[in-house]
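Note that the numbering runs from 1 along the sequence shown for the chain.
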Amino acid sequence: MRKVFQRLAGLVFALLFAWPLCAQEKEDEAPPFDAAQYPLMTLARAEAKDPCKKGKLKYELKDKLFSAELVYQGGVRAAPPAHFELLKRWTKNIGDEKAIGRYKKQVSFSEGKKMVWLSLPEGLVDYLAEDFQVGDRALLYTVFVGCAGGKPLFSVDEYDTYAPEDDEAEDYITKLILKRSGRTG
């Protein structure tokens, strides 16, 4: 009986000892996505808040989170070598060096009249193509990764379809179409 009690006590002790380790493993997992960490602003405003340095500095890390409303243009290209190198430095800096393999492509968006190429993890590229048509507005949760050769590089962490808060937005679009077609409305 004494041996059974000792084994049971040892088992209880092992479970009590292992419990904090299990809890710690959960803490090491990536935290859930929190849109509140991404204040809404434009790409231009994000760069103006922390501009790229001019001069001999080839790569400069920023790692600033924000969200932006952009228009999906649908172009896809391979990340240029300078962008890929900056992304490699960024993933190393954030402690996820293996993530660089997911950032091989960029997708085109526009902000006003300016077209920009944003880096995306490979899984998001396909989802964007399914969820958006060229010309659709997207709410992008982005990272100002940094600068390569004095030019900014942005990456997309997540996205959401854009739904205007103004209930009359569709009426406005209809009025513009009628105006362009010569009909009054």
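- Closest of all the heavy-atom pairs between Ala148 and His83 is CB-CD2, 4.3 Å.
- Side-chain polar atoms of Gln106 and Ser119 form a donor-acceptor pair below 3.5 angstrom.
- In this structure, Tyr38 has its ring center no closer than 6.0 Å to that of Phe66.
- A continuous path of ILVMFWY side-chain contacts below 4.5 Å connects Tyr127 to Leu70, so both sit in one hydrophobic cluster.
- The nearest pair of heavy atoms linking Thr91 to Ala99 is CG2-CB, 4.0 Å.
- The shortest distance between side-chain heavy atoms of Leu120 and Lys105 does not fall below 4.5 Å.
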Original post:
Which is it for Met41 and Lys49 under the side chain to side chain contact (heavy atoms under 4.5 Å, CB included) test, yes or no, and what are the steps along the way?
Top reply: CA-CA 10 Å; Met41 66 179 72; Lys49 285 180 78 172; 3.9 Å; yes
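- Taking OG1 of Thr161 as the reference point, atom CZ of Arg137 lies at 12.5 Å (rounded to 0.5 Å).
- When all heavy atoms of Phe144 and Asp50 are compared, the pair lying nearest together is CE2-O, 3.4 Å.
- Closest approach of Arg102 and Asp96 over heavy atoms only: NH2-OD2, 3.7 Å.
- Nearest heavy atom pair, residue Tyr141 against residue Ser67, reads CD2-CB, 3.8 Å.
- Rounding to the nearest 0.5 Å gives a distance of 6.5 Å between NZ of Lys104 and CZ of Phe84.
- Using modelled atom types, no side-chain atom of Lys53 and backbone atom of Glu60 make a donor-acceptor pair closer than 3.5 Å.
- A centroid separation of less than 6.0 Å is found between the aromatic rings of Tyr159 and Phe132.
- Residue Leu124 comes nearest to Asp157 through the heavy atom pair CD1-O, 3.5 Å, listed as atom of the first residue, atom of the second, then distance.
- Transitive grouping of hydrophobic side chains (ILVMFWY, heavy atoms separated by less than 4.5 Å) brings Tyr59 and Trp90 into a common cluster.
- Val143 and Leu61 fall within a single hydrophobic cluster, where Ile, Leu, Val, Met, Phe, Trp and Tyr are joined by side-chain heavy atoms under 4.5 Å apart, directly or via other members.
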Please report, to 0.1 Å, the donor-acceptor pairs under 3.5 Å made by any side chain of residues 108-115, with sequence neighbours excluded.
unit_1	atom_1	unit_2	atom_2	d
Ser108	OG	Gly75	N	2.8
Ser110	OG	Gln73	NE2	2.9
Glu111	OE1	Leu43	N	3.3
Glu111	OE1	Ala44	N	3.4
Glu111	OE2	Leu43	N	2.8

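- The distance from atom CG of Asn93 to atom NZ of Lys62, rounded to the nearest 0.5 Å, is 13.0 Å.
- Among residues at least two apart or in separate chains, there is no side chain to side chain donor-acceptor pair (under 3.5 Å) pair with a member in residues 142-156.
- The cluster map of Ile, Leu, Val, Met, Phe, Trp and Tyr, joined by side-chain heavy atoms under 4.5 Å apart, puts Val76 and Val156 in the same cluster.
- One hydrophobic cluster, built from ILVMFWY side chains closer than 4.5 Å, cannot hold both Val134 and Val125; they sit in different ones.
- Looking at Asp136 and Asp131, their side chains never come closer than 4.5 Å, going by heavy atoms from C-beta outward.
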